[in-house]
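Input: a single structure, listed below in structure tokens.
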Amino acid sequence: MESSISRSRRTETSPQRPITLDNRTCVYCGDVLSPSTISREHVIGRRFVPKGKLNGQWNLILNACQGCNARKADLEDDISAITLQPDAWGRYAHDDIGAIEDARRKANNAGSRRTRKAVKDSGEEMKLDGTLGPGVDISFRFSGPPQIDDNRAFELARLHLTAFFYMQTYNRETRRGGYWLHGYHPVATATRSDWGNALMTAFMRTVEPWDCRVLAISADGFFKLITRKHPTAETWAWALEWNRNRRLIGFFGELEPAQAIFDSLPRLTAHTVYQAPNESLSYRTDVALKEDEDTLFLVFDTTEIPE
């Protein structure tokens, strides 16, 4: 994990040692902690990534109130299980046998908040019957893997980002960290098969030159986080990758610069196959991202790191 406050000052931590904070305020809500409310929090949940992936690897460990800790754990439960599942063709995002076995176990044990069923029984099904014209009937049936609720995913992303921002601004004398001003502005989320879509790639290219403030990769690559600072505004771009399968992107801080960039990004368009007064069918083809074109979590910096 590396946390860079500027291009000229960078701090690196041991990949085998956790970063631990003894903070007095809840990392997520800011409430002052007391003996009756305090709980120890692993920001990268040990059960959020595949079993054993955090053994011997760093984590960010700090204090949170019990309510926030429990809410984050609830978000992690089904999001972890679903992001570890294979795609509609049964393909996993990796060839890690241990992670695949853990995905199968979680599919049985975790419940989807979207369907209120076990993850293994939460595949998406859609049926559409209609008429194109006199004597021409059509019928479409689609099935796909379980889906996470985007609002829940962006809320978990906000908690991850809040914790790392708190770490960056932590004062060991006062035992408190800071919280960004202004707002939180999610942009998009995509599964691995669609990381190369026009919106995701345009965001990646736009913020690539910005100063990297946090680059966090752990759990054998099953958790990634990066924040980059706008050249002139109090605005940060961020990206997260969970379980080598799901990416989320957005901004936090001042809205106006973020909005200007968002307005410049391309919109994703769907092809309409069928449309009727109360029915329609549109689709958009996923666009994969080539490995040699993937720079979302790369930092091109020639600054020497002092020993």
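What you are looking at is a predicted structure, and each value in this text was computed from that prediction instead of being measured.
Linking Ile, Leu, Val, Met, Phe, Trp and Tyr residues whenever their side-chain heavy atoms come within less than 4.5 Å places I148 and F154 in a single cluster. Hydrophobic clustering (ILVMFWY, side-chain heavy atoms < 4.5 Å, transitive): V119 and Y92 are in distinct clusters. I249 is not connected to V287 by any chain of hydrophobic side-chain contacts under 4.5 Å among Ile, Leu, Val, Met, Phe, Trp and Tyr, and they are in different clusters. In the hydrophobic clustering of this structure, I61 does not group with I38; members are Ile, Leu, Val, Met, Phe, Trp, Tyr whose side-chain heavy atoms approach within less than 4.5 Å, directly or through other members. Grouping the Ile, Leu, Val, Met, Phe, Trp and Tyr side chains by contacts below 4.5 angstrom, directly or via other members, places L255 apart from I261.
Looking at heavy atoms from C-beta onward, T191 lies out of side-chain contact with D87 at the 4.5 angstrom threshold. Counting only heavy atoms from C-beta outward, the side chains of L289 and M204 approach each other to under 4.5 Å. Looking at M200 and D194, their side chains never come closer than 4.5 Å, going by heavy atoms from C-beta outward. Here the side chains of Q66 and R71 are not in contact, with every heavy-atom distance at 4.5 Å or above. For the pair C29/C68, a side-chain contact is recorded, criterion being any heavy-atom separation below 4.5 Å from C-beta on. Using a 4.5 Å cut-off on side-chain heavy atoms (C-beta onward), S80 and V49 make no contact.
With values rounded to the nearest 0.5 angstrom, L84 atom CG is found 9.5 Å from R105 atom CZ. Atoms CZ and SG, from R228 and C212 in turn, are 5.5 Å apart once rounded to the nearest 0.5 Å. Considering CG of N63 and OG of S39, their distance stands at 7.5 Å, rounded to 0.5 Å. To the nearest 0.5 angstrom, N197 atom CG is 11.5 Å from T285 atom OG1. Rounded to the nearest 0.5 Å, atoms CG (L215) and CZ (F164) are 10.0 Å apart. The structure places CZ of R24 at 11.0 Å from CG of L33, a figure rounded to the nearest 0.5 Å.
Listed by first then second residue, pairs satisfying side-chain hydrogen bond (donor to acceptor under 3.5 Å, both in side chains) with a partner in residues 247-261 read E241-R247, R247-D294, Q259-D263, not counting sequence neighbours.
Between L60 and A163, the shortest heavy-atom distance links the atoms CD2-O, 3.8 Å. Heavy atoms only, all atoms of each residue included: A258 and T235 are closest at CB-CG2, 4.1 Å. Between I44 and S218, the shortest heavy-atom contact is CD1-CB, 3.9 Å. Closest heavy-atom contact between R267 and L265: NH1-O, 2.7 Å. The two residues A190 and W195 have their closest heavy-atom pair at O-NE1, 3.3 Å. Between V214 and Q168, the shortest heavy-atom contact is CG2-CD, 3.2 Å.
Under the rule for a salt bridge (charged side-chain N to carboxylate O under 4.0 Å, His left out), D121 has no partner lying at least two apart in sequence or in another chain. Applying the side chain to side chain contact (heavy atoms under 4.5 Å, CB included) test to H160 and every residue at least two apart in sequence or in another chain returns V43, F48, K72, E76, L156, F223, L225, L240, W242.
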Check the pair R246, T189 against side chain to side chain donor-acceptor pair (under 3.5 Å), reporting the backbone distance first and the verdict last. CA-CA 7 Å; R246 172 71 63 160; T189 177; 3.1 Å; yes
Run the numbers on C65 and D31 for side chain to side chain contact (heavy atoms under 4.5 Å, CB included), then give the verdict. CA-CA 8 Å; C65 71; D31 285 354; 5.5 Å; no
Apply the test salt bridge (Lys or Arg N to Asp or Glu O under 4.0 Å) to residues K51 and D102: give CA-CA distance (whole Å), side-chain angles for both, the deciding distance (0.1 Å), then the verdict. CA-CA 7 Å; K51 184 177 181 180; D102 197 38; over 6 Å; no
E234 vs L181, test: side chain to side chain contact (heavy atoms under 4.5 Å, CB included). Steps then yes/no. CA-CA 8 Å; E234 290 299 302; L181 300 177; over 6 Å; no
Tell me, with the steps shown, if N55 and R46 meet side chain to side chain contact (heavy atoms under 4.5 Å, CB included). CA-CA 9 Å; N55 293 344; R46 300 188 72 84; 3.1 Å; yes
Evaluate side chain to side chain donor-acceptor pair (under 3.5 Å) for N245 paired with T83, printing each intermediate quantity in order. CA-CA 6 Å; N245 185 30; T83 54; 5.7 Å; no
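Taking the six-membered ring for Trp and the full ring otherwise, the centers of F251 and F203 sit less than 6.0 Å from each other. A distance of 6.0 Å or more separates the ring centres of Y179 and F165. Aromatic ring centroids of W236 and H230 lie 6.0 Å or more apart. The six-membered or imidazole ring of H185 lies away from that of F262, with a centre-to-centre distance of 6.0 Å or more.
In this structure, a donor-acceptor pair under 3.5 Å is present between the side chains of Y28 and E41. With no hydrogens or angles considered, no side-chain donor-acceptor pair links N243 and R192 at under 3.5 Å. The closest side-chain donor-acceptor pair between T25 and R175, if any, does not fall under 3.5 angstrom. Judged by distance alone, the side chains of N23 and R176 never bring a donor and an acceptor atom under 3.5 Å apart. For the residue pair E208 and T295, a side-chain donor N or O sits within less than 3.5 Å of a side-chain acceptor on the partner.
One finds a salt bridge joining R152 and D74 here, because a Lys/Arg side-chain nitrogen approaches an Asp/Glu carboxylate oxygen to under 4.0 Å. We find that R213 and D211 are joined by a salt bridge, their nearest charged nitrogen and carboxylate oxygen being less than 4.0 Å apart. For R158 and E155, the salt-bridge test passes: some basic side-chain N is under 4.0 Å from an acidic carboxylate O. Ion pairing of R114 with D78 is absent here, as no side-chain N (NZ or NE/NH1/NH2) approaches a carboxylate O to less than 4.0 Å.
The 12-atom threshold is not exceeded at CG of D95, counting heavy atoms of other residues, nucleotides or ligands nearer than 6.0 Å.
A side-chain donor-acceptor contact under 3.5 Å links K106 to the backbone of R47. In this structure, K229 contributes its side chain and A233 its backbone to a donor-acceptor pair below 3.5 Å. The closest donor-acceptor contact from the side chain of N69 to the backbone of R40 lies under 3.5 Å.
Taking the six-membered ring where tryptophan is involved, the planes of F222 and H94 are perpendicular, since the angle between them exceeds 60° and thus also 30°. Ring pair Y184/W238 is parallel by interplanar angle, where below 30° counts as parallel and above 60° as perpendicular.
Considering I19, V27, T20, D22 as possible partners of L62, the one that fulfils the side chain to side chain contact (heavy atoms under 4.5 Å, CB included) test is V27.
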